[in-house]
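Note that the structure is predicted; figures quoted are calculated from it, not measured.
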Amino acid sequence: MKMSNETAVTEFLLLGFSDVRELQILHFVVFLVLYLISLLGNLLIITAIALDHHLHTPMYFFLMNLSILDLGSISVTIPKSMANSLTNTRSISYSGCIAQIFLVVVFVSADFAILTVMAYDRYVAICQPLHYEMVMNRRACVQMAASAWISGILYSALHTGNTFAMSFCGGNMVDQFFCEIPQLLKLACSDSYLIELGFLIFSVCLASSCFVFIIVSYVQIFKAVLRIPSKQGQHKAFSTCLPHLFVVSLFFCTAAFAYLKPKSSSSSGLNLMVAVLYSVLPPMMNPIIYIMRNKEMKGTLSKWIGWRLFTKNKMSIFLLW
């Protein structure tokens, strides 16, 4: 029997950053800058890896997958929030909310799987270098990447279907700037959310296992690096691993806080800040880390951009002549 206060929800209202028009425009501009930085950085990584055959190695293959996932995850949430601020609206359709949750979960879960695989790749490369080519062969790399994508899609389909199988009788106000499962659980009728809540807890436990695996892998990597006689070699390894660990830790901790905190334990402002940290910061920081901290990537981009500028200048001189 349906509850008397249960009504059909046709749209949801997202949380706005401000009701002041000037601050709405500021939010649009800030998010636009962050989005363009993420877009440019990840596209540079994808282009560099695709064009330079020297970068056709397992590490860069997984990095390209990570960049594609980062592009997808940030493109699902940020543009809609920007459009709402620009048009002074807060609504998102019911089907749009379903699509947003499905895609966010696909990209975020596959992203975490790829990060785990990348940690394993570095572990084998540094701790078991003699077995690296055999373990991380082309077929194995494709299978690992495909498994990350497929598991993300299946996991998201189950998660999204389970979420929207619930009835919503707590209104349609989502306390977040995009559709987020923990916020939708607040709107669920009676105890219908308990199954999804249990599934969320299981998901966080699974993600925690991946996080522990990443930490243990890097502990082994650091032990191996400390045995390198060259100080320059040690510095190169640490300068790459430590920022990457920072982003992984930030992503995991903020996402875990967002998904596991009690239903009424934090303010809307804190919810917004945490969501921005785990949904916007990692896709923006990953390209910066891998471009600025990776000598091969910087060299490839420098050569490619330099060649493009040279060709353009040469063509301009030819036209003038």
Side-chain angles (χ1 to χ4, degrees), residues 7-47 66-108 110-111 156 160 163-164 168 170-187 247 250-251 254-255 257-259 266-288:
T7 56
V9 176
T10 58
E11 68 174 12
F12 293 97
L13 298 179
L14 301 175
L15 183 65
F17 280 79
S18 176
D19 293 326
V20 180
R21 188 57 185 162
E22 288 76 10
L23 293 179
Q24 290 176 344
I25 299 300
L26 177 63
H27 159 242
F28 171 81
V29 172
V30 171
F31 264 34
L32 178 63
V33 171
L34 295 177
Y35 181 64
L36 290 177
I37 291 173
S38 301
L39 196 68
L40 177 61
N42 285 292
L43 285 176
L44 280 175
I45 287 179
I46 294 169
T47 304
L66 183 67
S67 293
I68 294 172
L69 289 167
D70 283 343
L71 272 179
S73 65
I74 200 169
S75 297
V76 171
T77 57
I78 298 300
K80 175 60 179 174
S81 181
M82 289 164 51
N84 281 0
S85 287
L86 196 61
T87 57
N88 194 24
T89 60
R90 296 171 56 192
S91 65
I92 183 172
S93 66
Y94 188 86
S95 58
C97 190
I98 293 175
Q100 196 173 65
I101 282 185
F102 176 78
L103 292 172
V104 166
V105 176
V106 167
F107 291 129
V108 169
D111 198 302
S156 181
T160 306
T163 299
F164 286 93
F168 300 103
N172 66 341
M173 300 280 294
V174 179
D175 195 25
Q176 192 52 271
F177 74 92
F178 62 93
C179 283
E180 187 183 51
I181 292 176
Q183 302 305 325
L184 289 177
L185 293 182
K186 297 179 181 180
L187 310 179
V247 172
L250 176 66
F251 173 77
T254 52
F257 177 80
Y259 278 73
S266 60
S267 64
S268 297
L270 183 59
N271 287 332
L272 282 173
M273 183 183 71
V274 170
V276 168
L277 284 177
Y278 85 80
S279 65
V280 179
L281 195 59
M284 184 180 69
M285 290 298 296
N286 282 335
I288 295 173

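Under the side-chain contact (heavy atoms from CB on, under 4.5 Å) criterion, Ser156 pairs with Phe102, Val105, Val106, Thr160, sequence neighbours left out. Remark: Phe28 engages no residue in a ring pair (Phe, Tyr, Trp, His ring centres under 6.0 Å) (not counting sequence neighbours).
The structure places CG of Asn42 at 4.5 Å from CG of Leu71, a figure rounded to the nearest 0.5 Å. Between the CG atom in Leu69 and the CD1 atom in Ile74 there is a gap of 13.0 Å [rounded to 0.5 Å]. Taken from CG in Asn88 to CD in Gln24, the straight-line distance is 4.0 Å, to the nearest 0.5 Å. Atom CD1 in Ile25 sits 10.5 Å away from atom NE2 in His27 (nearest 0.5 Å). Atom CG of Leu43 and atom CG of Leu39 lie 4.5 Å apart (nearest 0.5 Å). In this structure, the separation between CD on Gln183 and CG on Leu185 is 9.0 Å, given to the nearest 0.5 Å.
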* Checking side chain to side chain contact (heavy atoms under 4.5 Å, CB included) for the pair Tyr94/Thr10: CA distance, chi angles, key distance, verdict? -> CA-CA 5 Å; Tyr94 188 86; Thr10 58; 5.5 Å; no
* To do: Show your reasoning for whether side chain to side chain contact (heavy atoms under 4.5 Å, CB included) applies to Asp111 and Leu66.
  => CA-CA 6 Å; Asp111 198 302; Leu66 183 67; 3.1 Å; yes
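The closest donor-acceptor contact from the side chain of Arg90 to the backbone of Leu14 lies under 3.5 Å. A distance-only check finds a donor-acceptor pair linking the side chain of Gln100 to the backbone of Val76 [under 3.5 Å]. Ser81 places no side-chain N or O within 3.5 Å of a backbone atom of Ile78 that could act as its donor or acceptor partner.
Across every non-hydrogen atom of Pro287 and Pro282, the tightest pair is CD-O, 4.5 Å. Counting all heavy atoms, side chain and backbone alike, Met82 lies closest to Leu32 at CE-CD1, 3.5 Å. Closest approach of Cys97 and Leu184 over heavy atoms only: SG-CD1, 4.2 Å. The two residues Cys179 and Ile92 have their closest heavy-atom pair at SG-CG2, 4.0 Å.
Under the 30°/60° scheme for interplanar angles, the aromatic rings of Phe177 and Phe31 are found to stand perpendicular.
The shortest distance between side-chain heavy atoms of Glu180 and Val174 does not fall below 4.5 Å. Using a 4.5 Å heavy-atom threshold, the side chains of Val33 and Leu36 count as separate.
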